Amino acid sequence: TVVVIIVGSTSFMKLYTTTAFSEKGNHTIHILPDGSSVELNAVSTISYHPYWWAINRSVNLEGEAFFEVKKGSKFVVVSTYGNTEVLGTSFNIYARNSEYKVFCKTGKVRVSNNASTVELDIMPSEVAILDLKNNTGKIENDLLDNIISWRLNEFYFEATPLAMVIKEIEMHYNISITVEVDNLDSLIYSGRFTKK
């Protein structure tokens, strides 16, 4: 009976999952068991195992989120597009529409694709971009405003296809936009404005 109780308890700890979701038009903040915080952009989800947290700090992400991780054991963010590993830092992950971009604000971040054939280490103000179709990755220096403007309820677009701009606006305002233009992907937009 003791073995059954131990196996049952361990299974429960490993399998019990907590999920946090941010709906269209919203940003939400979720505090993880170790005090690390996750700010979820609109239409984004995280899930993790709270009772297994002391053994394995791992979060599954769909969408976009900004993480402020408390120092401690290895912290891993897993998504369909790639994995990000840190010890204690702050960073933003964009994992949507087959794109995987990680911006390091503080500390050091390791980014890899799910096949683990590409691995990039980035430092503050650097962005790791995984090209999932070609199984490659690159590091760029980018403006802080461009990457995490969503946290300030601002939109910042630079040479962005208009179709992507419209998708972002729909998601943040919880609206649907119909555009009667055939070549929407070929139209490029640059601009900055607040959500208000």
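In what follows, every heavy atom counts, from backbone to side chain, and hydrogens, waters and symmetry copies are set aside. The model shown is predicted, which means the values in this text are computed figures rather than measured ones.
Taken from OG1 in T17 to CG in N60, the straight-line distance is 8.5 Å, to the nearest 0.5 Å. For the atom pair CD1 (I188) and CG (L162), the distance works out to 8.5 Å, reported to the nearest 0.5 Å. Atom OG1 of T19 is separated from atom CD of E62 by 9.5 Å, given to the nearest 0.5 angstrom. Atom-to-atom distance recorded for H30:NE2 and T45:OG1 is 11.5 Å, nearest 0.5 angstrom. Distance check: L132 CG to E99 CD gives 9.0 Å after rounding to the nearest 0.5 Å. Between atom CD1 of residue I175 and atom CD of residue E170 there is a gap of 6.5 Å, rounded to the nearest 0.5 Å.
For the pair F193 and I169, the minimum side-chain heavy-atom distance is below 4.5 Å. The shortest side-chain heavy-atom distance between H27 and N41 falls under the 4.5 Å cut-off. In this structure, V38 and F66 have side chains that are not in contact, with every pair of non-hydrogen atoms separated by 4.5 Å or more. Using a 4.5 Å cut-off on side-chain heavy atoms (C-beta onward), V59 and L32 make contact. Residues W150 and N92 have side chains in contact (heavy-atom distance under 4.5 Å, counting atoms from C-beta outward). With a 4.5 Å cut-off on side-chain heavy atoms, R110 and T84 do not count as touching. Between F103 and V109, the closest side-chain pair of non-hydrogen atoms is not below 4.5 Å.
For D182, the CG atom is loosely surrounded, since the number of other residues' heavy atoms within 6.0 Å does not exceed 12.
Y48 and I31 get closest at one heavy-atom pair: OH-O, 4.1 Å. Taking every heavy atom of both residues into account, D121 and E126 meet most closely at O-OE1, 4.3 Å. Shown here for G107 and P124, the closest heavy-atom pair between the two residues is O-CD, 3.1 Å. Closest of all the heavy-atom pairs between V43 and R96 is O-NH1, 3.0 Å. Contact detail for Y100 and S79: the closest heavy-atom pair is CE1-OG, 3.3 Å. The two residues N135 and V118 come nearest to each other via the heavy atoms O-CG2, 3.3 Å.
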(request) Could you walk me through whether N83 and V111 pass side chain to side chain contact (heavy atoms under 4.5 Å, CB included), step by step? (result) CA-CA 6 Å; N83 302 321; V111 180; over 6 Å; no
(request) Report the C-alpha separation of S98 and Y81 in whole Å, then their side-chain angles, then the decisive distance to 0.1 Å, and conclude whether the side chain to side chain contact (heavy atoms under 4.5 Å, CB included) test is met. (result) CA-CA 7 Å; S98 298; Y81 309 115; 4.2 Å; yes
(message) One pair to check against side chain to side chain contact (heavy atoms under 4.5 Å, CB included): I139 and V127. What are the steps and the verdict?
(response) CA-CA 6 Å; I139 296 175; V127 180; over 6 Å; no
(request) Check the pair E154 / K195 against salt bridge (charged side-chain N to carboxylate O under 4.0 Å, His left out), numbers first and verdict last. (result) CA-CA 6 Å; E154 293 179 351; K195 191 172 179 180; over 6 Å; no
(request) Give the C-alpha distance, both sets of side-chain angles, the deciding distance and a yes or no for side chain to side chain contact (heavy atoms under 4.5 Å, CB included) between V78 and S58. (result) CA-CA 7 Å; V78 178; S58 179; 4.1 Å; yes
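Under the 4.5 Å side-chain heavy-atom criterion for ILVMFWY residues, no single connected hydrophobic cluster contains both M171 and L61. L120 and M123 fall into different hydrophobic clusters, where Ile, Leu, Val, Met, Phe, Trp and Tyr side chains are chained together by heavy-atom contacts under 4.5 Å.
With H49 contributing its side chain and Y16 its backbone, the two residues share a donor-acceptor pair below 3.5 Å. Looking only at distances, a side-chain donor or acceptor of S44 sits under 3.5 Å from a matching main-chain atom of E64. A donor-acceptor distance shorter than 3.5 angstrom exists from the side chain of N113 to the backbone of T117, with no hydrogens or angles considered. With D131 contributing its side chain and K133 its backbone, the two residues share a donor-acceptor pair below 3.5 Å.
Cation-pi contact between R192 and Y156: absent, since separation from the ring centre below 6.0 Å together with deviation from the ring axis within 45° is not met. Taking the centre and axis of the six-membered ring of F91, the NZ or CZ atom of K105 falls outside the cone set by 45° and 6.0 Å.
For F21, the ring-ring contact (aromatic ring centres under 6.0 Å, His included) test picks out no residue, with sequence neighbours left out.
Below 30°, between 30° and 60°, or above 60°: for F157 and F155 the angle between ring planes is below 30°, a parallel geometry.
Under 4.0 Å is where a charged nitrogen must lie from a carboxylate oxygen, and between K70 and D34 no such pair does.
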